[in-house]
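Here's the structure, in structure tokens; my notes come after.
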2 protein chains.
Amino acid sequence: MLNPLKNVLQEHQLKATSQRLTLLEYMMTHDTHPTAEMIHQDLPNISLATVYNTLEKFVEKKLVVIIDGISDGKRHYDAADHPHYHVINTRTNEIIDAANYDPAPLIKAAQAATGLKITEYKIDLYGVDPDSKPE
Amino acid sequence: MLNPLKNVLQEHQLKATSQRLTLLEYMMTHDTHPTAEMIHQDLPNISLATVYNTLEKFVEKKLVVIIDGISDGKRHYDAADHPHYHVINTRTNEIIDAANYDPAPLIKAAQAATGLKITEYKIDLYGVDPDSKPE
DNA sequence: CTTTTTGATAAGAATGGTTCTAAATTATTA
DNA sequence: TAATAATTTAGAACCATTCTTATCAAAAAG
Ligand SMILES: [Mn+2]
Ligand SMILES: [Mn+2]
Ligand SMILES: [Zn+2]
Ligand SMILES: [Zn+2]
């Protein structure tokens, strides 16, 4: 087995079809946060239905996470290969990755507050360029 | 001015119509996290369009926040009267409020990482009952 | 090697939450 | 009051996502 992406898929009980390999590589190698439609435009040989189906599978397997709350009304996707949080520039809708924060105390607080076992978390902050005029 | 809710609306440059007063009171006095449709069912005298329009205004003015990422695919709304974060039970879709966490270091980290001025943040954790069987 | 079964992909139709439109009310101003 | 502006409303339209159904491909069975 020379293809590490093939390994990743098989470890997650997903058959390594060419579409899945292509999509997984796309998500792993792009630091953008594309919508299904954007991915389909970059990979026109994979049908839009398959993009949606495959991303759904990847989300189930926690290979990919959904970013919503973007003001374009569309669902954005992000490879979940390294834990990080997002800062969204509300003027440009740019989604910026950041990782200079340890979520462990937050997870602990959430478990203490609710008694639930935390399986996932999502931290999104919204901001604007400080030099930009208000309104 | 005896009605404090009327004050709140006027302080936010919103005319205090009866629909807005009713909706603001509804959001303030309910600790649930309803969808527009749920609110409309509880307040059938206010049209669904007005529920959407008014919630959008309230979100602009930061009186209300949107909760998305719930697996019912619908947008939920929450009064923003006190800062808190959410823990979502992914088996029941219950949205639990929690406030035992200070977001100041996170906000500081985000500003340091991006240079943006943070205006809003959204922290959602997802969990399951620890006694429930897996899958 | 067939044959059979299972799962994946594809194209397009359907869905439904949300937004838009245009008309009717209501509030404000002169 | 009349004139103007803002809000509300019902229903139409939108469109991102999901569903349907038909093909296709890979794996198991024989
Ligand atoms: Mn990424
Ligand atoms: Mn609340
Ligand atoms: Zn990211
Ligand atoms: Zn809440």
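- Other residues sharing the hydrophobic cluster of B/Met38, ordered by chain and number and joined by side-chain separations under 4.5 Å: none, the residue standing alone.
- The side-chain heavy atoms of B/Asp97 and B/His33, taken from C-beta on, include a pair separated by under 4.5 Å.
- Residue pairs meeting the side chain to side chain donor-acceptor pair (under 3.5 Å) criterion with at least one member in residues 14-26 of chain A, sequence neighbours excluded, are A/Tyr26-A/Asp42.
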Restricting both atoms to N or O, compile the protein contacts to nucleotides 3-7 of chain D shorter than 3.5 Å, with distance only.
unit_1	atom_1	unit_2	atom_2	d
D/dT7	OP1	B/Arg20	NH1	3.2
D/dT7	OP1	B/Arg20	NH2	3.3

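- Each end of the helix from C/dC1-D/dG30 to C/dA30-D/dT1 gets its own rotation axis from five pairs of C1' atoms, and the angle between them is 20° to the nearest 10 degrees.
- Less than 4.0 Å separates DNA chain C from at least one heavy atom of each of the following residues of residues 38-45 of chain A: A/Asn45.
- For D/dT8, neither phosphate oxygen OP1 nor OP2 lies less than 4.0 angstrom from any side-chain nitrogen or oxygen of B/Thr50.
- Remark: the backbone N or O of A/Ala109 is paired with a side-chain donor or acceptor of B/Asn100 at under 3.5 angstrom.
- Rounded to the nearest 0.5 Å, atoms CE (A/Met27) and CG (A/Leu63) are 10.0 Å apart.
- Residues A/Asp78 and A/His86 bring a donor and an acceptor atom of their side chains to less than 3.5 Å of each other.
- Chain A approaches DNA chain C over the interval C/dG7 to C/dA11, counting the first and last nucleotide 5' to 3' with an atom under 4.0 Å from its heavy atoms.
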- Item | Nucleotide-resolved protein contact map, nucleotides 11-25 of chain D, B/S/- at heavy-atom distance under 4.0 Å | -----SBB-------
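- B/Thr35 has its side chain out of reach of B/Tyr77: every pair of non-hydrogen atoms, C-beta onward, lies at least 4.5 Å apart.
- Follow the hydrophobic side-chain contacts under 4.5 Å out from A/Ile118 and you reach A/Ile123 in the same cluster.
- Here B/Leu14 contributes atom CG and B/Glu11 contributes atom CD; the two are 11.0 Å apart, rounded to the nearest 0.5 Å.
- For A/Lys108, there are no side chain to side chain contact (heavy atoms under 4.5 Å, CB included) partners two or more places apart in sequence or in a different chain.
- The CG atom of A/Leu106 sits 4.5 Å away from the CG atom of B/Leu125 when rounded to the nearest 0.5 Å.
- For A/Tyr85, there are no ring-ring contact (aromatic ring centres under 6.0 Å, His included) partners at least two apart in sequence or on another chain.
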When the side chains of residues 48-59 of chain A are checked against the rest of the protein, which donor-acceptor pairs come out under 3.5 Å, sequence neighbours left out?
unit_1	atom_1	unit_2	atom_2	d
A/Thr50	OG1	A/Ser47	OG	3.1
A/Asn53	ND2	A/Ala49	O	3.3
A/Thr54	OG1	A/Thr50	O	2.7

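- Here B/Ile95 sits in one hydrophobic cluster together with B/Ile67, B/Ile70, B/Ile88, B/Tyr126; the rule is ILVMFWY side chains under 4.5 Å apart, joined directly or through other members.
- Applying the salt bridge (charged side-chain N to carboxylate O under 4.0 Å, His left out) rule to pairs touching residues 113-128 of chain A yields A/Lys62-A/Glu120, sequence neighbours excluded.
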